[in-house]
Amino acid sequence: MFDRRQFLIGTASLSFATLLPHQLFSQEPKSTRIILLGTKGGPSVGKSGRSNPATLMLINDVPYLVDCGYGSSRQLLSAGISLNRLRHIFITHHHSDHHLELGALIYNAWITGTPIRIDAYGPSGLRRMTQDFFNYQKFDIDTRIVDEGRPDPRKLVVAHEFNQPGLVLQNEAVKVTSCLVRHPPIKLAFAYRFDAKDRSVVISGDTAYAPELVEFAKGADVLVHEVMYLPGVEALIKRLPNAKRLREHLLAAHTLPEEVGKIADRAGVKTLVLSHFVPGDDASITDEQWAAGARKNFKGRIIVGKDLMEI
Ligand SMILES: [Zn+2]
Ligand SMILES: [Zn+2]
């Protein structure tokens, strides 16, 4: 199960937060749980600190995973989710920090032992990517099918591609819809909204300030939104040879805290969760610095996300 100690350590520095940890745990268990698996924006891998992007929802104990950056398998296990329980994977867009572990995750679920069915949803290119992974591992997979009597994993995965926003999935527990957001130069970048019986949750994916999200996130209980802290970016790129180009990309493709607050306020969400931090590995940026800009425009509850935090 979820490691409460880690959560408590992770929130110990939230001196300004409107929500105290004991308030979180005094609530009744929810049938829709959100667990942040990886909260660092970008593909770089660190030996410590935040893991690459992935957000888990458990709806009636069924996992719905949004994005699977590097390390997602380990983070799922750390959250207490056996990999063969994976059932639905949603990819927001085709930057590698959001799907580098897609194939490996499916593989890891398969090798865990029980036959699975995984439905993967995402922008065009998803099917090809899944097939390419299976080709990459063809020798191993074919060997294990014969040598270990395993089922063929290629038949256990269904890739659902789309290039328009709208309904993604509907079952008796949840309705999942998507919204096109702004993440140049990538044209197909989507936010997802999960409307379950007890909660509505919106995950922005990667986006620049996108007023479309106001309507899409209207009245949601929880908005998990990406965020970029400009002074941190300036400090980061100073050291890089491609600083000018990288700065232009980041400014065009991500959202500043003030703008995140504006979206949350106009959408009227109850709780704003900051995640996909850019830069995600600068420990000198405090939680208060991440949240202050958003707080200027949003008076509701703000949570500065941490890996393995449950909301
Ligand atoms: Zn990203
Ligand atoms: Zn991206």
Engineer: Could you report the tightest heavy-atom contact between S200 and D195, atom names first, then the distance?
Structural biologist: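 Residues S200 and D195, closest heavy atoms: OG-OD1, 2.6 Å.
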Engineer: Measure centre to centre between the rings of H254 and H276, then say whether the value is under 6.0 Å.
Structural biologist: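 Ring centroids of H254 and H276 are less than 6.0 Å from each other.
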Engineer: Are D307 and L37 packed together at the side-chain level, in the sense that at least one heavy-atom pair is separated by less than 4.5 angstrom?
Structural biologist: no
Engineer: Does R193 use its side chain to pair, donor to acceptor, with the backbone of T177 at less than 3.5 Å?
Structural biologist: no
Engineer: Just do the salt bridge (charged side-chain N to carboxylate O under 4.0 Å, His left out) check on E161 and R128 with the steps written out, would you?
Structural biologist: CA-CA 10 Å; E161 292 186 345; R128 169 74 188 275; over 6 Å; no
Engineer: Pick from R144, Q137, K138: which one makes a side-chain hydrogen bond (donor to acceptor under 3.5 Å, both in side chains) with D140?
Structural biologist: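 Only match with D140 under side-chain hydrogen bond (donor to acceptor under 3.5 Å, both in side chains): R144.
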Engineer: Does some side-chain heavy atom of M57 sit less than 4.5 Å from a side-chain heavy atom of I311?
Structural biologist: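 In short, these two side chains do not touch, never coming nearer than 4.5 Å.
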Engineer: Restricting to non-hydrogen atoms, name the atom on R85 and the atom on G80 that form the minimum distance, rounded to 0.1 Å.
Structural biologist: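 R85 and G80 have their closest heavy atoms at NH1-O, 4.1 Å.
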Engineer: Closer than 4.0 angstrom, basic N to acidic O: yes or no for D221 and K270?
Structural biologist: yes
Engineer: Take F90 and H88 through the test side-chain contact (heavy atoms from CB on, under 4.5 Å) and record every step on the way to the result.
Structural biologist: CA-CA 7 Å; F90 302 83; H88 305 281; 3.7 Å; yes
Engineer: Within 45° of the six-membered ring axis of Y209 and under 6.0 Å from that ring's centre, is NZ or CZ of K262 located there?
Structural biologist: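 So K262 does make the cation-pi contact.
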Engineer: Under a 3.5 Å distance rule, please check whether K197 uses its side chain to pair with a backbone N or O of E172 as donor and acceptor.
Structural biologist: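 Checking the backbone N and O of E172 against the side chain of K197, a donor-acceptor pair under 3.5 Å is found.
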Engineer: Cation over ring, R50 on F277, under 6.0 Å and within 45°?
Structural biologist: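 Yes.
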Engineer: Between D67 and H98, which heavy-atom pair has the shortest distance, and what is it?
Structural biologist: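 Closest approach of D67 to H98, heavy atoms only: OD2-ND1, 2.7 Å.
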Engineer: If every non-hydrogen atom of A196 is compared with every non-hydrogen atom of I59, which pair is closest and at what distance?
Structural biologist: CB-CG2, 4.1 Å
Engineer: If you measure from the Lys or Arg side-chain nitrogens to the Asp or Glu carboxylate oxygens, is any gap between R247 and E234 under 4.0 Å?
Structural biologist: yes
Engineer: Between Y121 and Y192 (judged by ring centroids, cut-off 6.0 Å), do the two rings come close enough to count as a pair?
Structural biologist: no
Engineer: Please determine whether residues L230 and L240 belong to a single hydrophobic cluster, defined as Ile, Leu, Val, Met, Phe, Trp and Tyr linked transitively by side-chain heavy-atom distances below 4.5 Å.
Structural biologist: yes
Engineer: Give the ring-plane orientation class for H94 versus H99, where under 30° counts as parallel, over 60° as perpendicular and anything between as tilted.
Structural biologist: tilted
Engineer: Is the shortest side-chain N to carboxylate O distance from R87 to D119 below 4.0 Å?
Structural biologist: yes
Engineer: Can you tell me how far CZ of F298 sits from NE2 of H225, rounded to the nearest 0.5 angstrom?
Structural biologist: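 So the gap between those two atoms works out to 12.0 Å.
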Engineer: How far apart are the C-alpha atoms of F134 and Y107, what are their side-chain angles, what is the distance that settles it, and do they pass the side-chain contact (heavy atoms from CB on, under 4.5 Å) test?
Structural biologist: CA-CA 9 Å; F134 284 134; Y107 181 96; over 6 Å; no
Engineer: If hydrophobic clusters are built by linking Ile, Leu, Val, Met, Phe, Trp and Tyr wherever their side-chain heavy atoms come under 4.5 Å apart, do V181 and I186 end up in the same one?
Structural biologist: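 Hydrophobic grouping puts V181 apart from I186.
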Engineer: What are the two closest non-hydrogen atoms of K40 and P53, and how far apart are they?
Structural biologist: O-CD, 3.0 Å
Engineer: Assess whether a salt bridge exists between K244 and E248, defined as any Lys/Arg side-chain N lying under 4.0 Å from an Asp/Glu carboxylate O.
Structural biologist: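 The answer is yes: the pair qualifies as a salt bridge.
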Engineer: Could you report the tightest heavy-atom contact between A217 and V269, atom names first, then the distance?
Structural biologist: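 Minimum heavy-atom separation between A217 and V269: O-CG1, 3.5 Å.
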Engineer: Would a 4.5 Å heavy-atom cut-off, applied to side chains only, mark I81 and L58 as touching?
Structural biologist: yes
